[in-house]
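Each ligand, and each atom within it, is numbered from 1 in the order the structure gives.
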Amino acid sequence: MCGIIGYTGEKTATPILINGLKSLEYRGYDSAGIALLENKKFSVIKSKGELKNLIKKTEKENSVSSVGIGHTRWATHGKPDETNAHPHTSSDEMFTVVHNGIIENASVIKKELEKKGFSFASETDTEVIPQLLSYHYDGNISSTMQKAFSSFDGSFAVAFLCRDFPDTIFAARRQSPLIIGRGENESVVASDTCALSENIQEFTCLEDDEFAIIEKGKIEIFSSGLKPINKKFRKIESVAEKHDKCGFEHFMLKEIFEQPEKIKNLLKGKIRNKKVFIDEIAELSLEIIKAEKIYIVGCGSAYHAALAGKFAIEELCGVPVEVDIASEFRYRNPPVKENTPVIVISQSGETADSVAALRLANSKGAFVIGIVNVPGSTIANESDYVIATKAGREVAVATTKGYITQVMALYLFALHIADIRKTIPDRAIEIYTEELCRIPDKISEILSDTSVVENLAEKYYNKNDIFFIGRNTDFAAASEASLKLKEISYINCSAFPAGELKHGTIALIDKGTPVVALCANERLFKKTLSNIEEVVSRGGEILCVTRKNKIISEKYLSIEIPNCSDLFVPILEIIPMQLFSYFIAKKKGCNIDMPKNLAKSVTVE
Ligand code: F6R
């Protein structure tokens, strides 16, 4: 994770770097820093915590330097304090570096350098980069970069300044994303296009083991063997979506309320003759459509979306679906056969484990379908086909509209494939399709009155532990509900298949233990009800998420959702659960949009 930015041009660098960092704060916000180069000297300003602390510090400085680099950190090595904040500078003050990624052999390199007399100020892996550059530096910057960067194992997107080159930024990349933008008499390097300043007209992506020498409006790119590479630059087409809360108190709430619109957006153009047809996968070969197995991989909420999608695909397409956490998939050598569809789900399209899972699947000859929100991201670029979720920019770290559009994309995928495989009757496809088209209105209905959930937050905000249970599609929603609440409220939450409680976890249920039971799945309702009774008889306090007018018992608190097929239950159940998490976190005074220890884009493994 971490966000990096660099600017060289004719304008004052500090405000450009700060603006870039504002857009990159989603990548980490433990600390931030900038380094400017002026009169052959670095001036480094760093601050612990959110970017606003750095902004306060920079306001006191009056540097007019027009070259600099900046960083917003998500700590991997070393605590999130000012010393460990980037940029990191070599002891001889020749190089200063910002880095995103992990140098896996940093401790070995550090020991070697210490033997040679180098001393280190921070606990970070990053500090070996400026020190090793300084160790190899003999006036020839290209060969110095080549020697230093070939020594590193792991991942890096790096931008650095060298005191001897007053107008130049140097960059290198392996596995972590890095783009370079070019304008008239100015250039920018950044972790993401959203951080490019408005005068930058075109950009290119640095690929693994490429180096760049970046001057005002002039960019040279080299291979690891120092051969010049003629890169294609792409025009920046759209202005980044407005970074505005539009009157909502938090981005998370705004994004929750955007969900009906985002789903409509996703449905647009995909319904033909009362059935689903996804243009992006129109050319899938019959061999792939008729595959005997489908894998779905993702991390966190994307994995939970996969759980919800599995039920729909298995039921509608009659094909077994194996769902895997990307960080597990990538290291377990799964026996994926050639041309087996592997669906990789990712909002950001940059999650390191999901990228690695995709590459592993590719190497086995699988057919990769990306379900991705960010166009132009690594997963979007490297998938064979991409279904774009079109959720727009998601700012809150806890995903809401990103997740829900992933779930919807999987439902649409299931209906598209079912139609071609002829696994269910045409009429059933039409009924399900019609139902999906009504989902946005049903979500709007839930959002039209948030008072029940808001009042419940009052009762739950001071709990230490909350369990979530559900069966089948209810369990998929329970998993996401539990993650949502824990990540923004810091309450210890866990989700279990309702029938699994009795195999151990029920030992934790005591008088007053809060258990949220998701039980909108009609087919399994009675089964889940038995599990609810088991909890109640041990003193547990139940909150049910049920279908409208479903009377369970006067004794239990409940939240109602509109009726829908059992298959589509997660997409509705999660709405009140997102609100439940939001109002609890708000009541606790948590930093809702930027929860502690997290980052929006997880580019380390
Ligand atoms: C939770 C959350 C994370 C992400 C996960 C994968 O609210 O946002 O669990 O879902 O880090 O991220 P993407 O979808 O970008 O690959």
Side-chain angles (χ1 to χ4, degrees), residues 1 3 26-29 74 176-177 191-192 194 250-253 255-256 259 296-309 323-330 343-359 368 370-383 386-410 476-477 479-490 493 495 570 574-575 577-582 585 590-605:
M1 295 106 92
Y26 73 90
R27 302 178 70 88
Y29 36 81
W74 185 83
S176 303
S191 303
D192 186 339
C194 70
H250 296 95
F251 280 108
M252 182 177 177
L253 193 61
E255 288 161 3
I256 289 174
Q259 292 178 115
I296 316 183
V297 290
C299 303
S301 297
Y303 168 74
H304 297 151
L307 288 180
V323 172
D324 223 326
I325 291 175
S327 56
E328 291 295 314
F329 182 87
R330 66 181 289 189
I343 301 177
V344 179
I345 307 183
S346 176
Q347 186 282 128
S348 62
E350 297 295 351
T351 302
D353 287 317
S354 305
V355 171
L358 178 155
R359 290 181 180 158
V368 177
I371 293 186
V372 186
N373 189 34
V374 178
S377 58
T378 306
I379 295 176
N381 288 342
E382 295 188 18
S383 297
V386 176
I387 302 177
T389 55
K390 301 184 179 170
R393 178 150 185 226
E394 196 174 51
V395 178
V397 165
T399 182
T400 52
K401 61 175 181 172
Y403 162 81
I404 213 145
T405 48
Q406 290 166 347
V407 174
M408 188 52 137
L410 286 164
S479 305
E480 175 60 7
S482 162
L483 177 64
K484 214 72 319 164
L485 182 54
K486 83 174 93 167
E487 69 182 326
I488 63 166
S489 73
Y490 318 136
C493 300
I574 199 59
I575 307 294
M577 291 290 93
Q578 292 168 342
L579 291 166
F580 186 60
S581 310
Y582 173 80
C590 299
N591 187 346
I592 293 179
D593 287 334
M594 294 199 285
K596 72 173 156 66
N597 303 342
L598 299 181
K600 185 75 189 157
S601 179
V602 187
T603 56
V604 292
E605 64 167 295

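Against a heavy-atom cut-off of under 4.0 Å, Gln347 is close to the following atoms of ligand 1: 13 (P), 14 (O), 15 (O), 16 (O). Counting the atoms of ligand 1 from 1 in the order shown, those under 4.0 Å from a heavy atom of Ser346 are 13 (P), 14 (O), 15 (O), 16 (O). Heavy-atom proximity to Val397, at under 4.0 Å, picks out these atoms of ligand 1: 8 (O). When each atom of ligand 1 is checked for a heavy atom of Lys484 under 4.0 Å away, the hits are 1 (C), 7 (O). The contact set between ligand 1 and Glu487, taken as ligand atoms under 4.0 Å from a residue heavy atom, comprises 1 (C), 7 (O).
In this structure, Asn373 falls outside the shell of residues with a heavy atom less than 4.0 angstrom from ligand 1. For the pair His304 and ligand 1, no heavy-atom separation below 4.0 Å is found.
Residue Lys600 places no N or O, backbone or side chain, under 3.5 Å from any N or O of ligand 1.
For the side chain to side chain contact (heavy atoms under 4.5 Å, CB included) test with Ile296, the passing option among Ile345, Asp324, Ile371 is Ile345; the others fail.
Selection from Gly298, Gly300, Cys299 by nearest heavy atom to atom 6 (C) of ligand 1 gives Cys299. The option from Leu483, Thr351, Ile379, Thr389 that lies nearest to atom 12 (O) of ligand 1, judged by heavy atoms, is Thr351.
Nearest protein neighbour of atom 11 (O) of ligand 1, counting heavy atoms only, is Val602 CG2, 3.9 Å.
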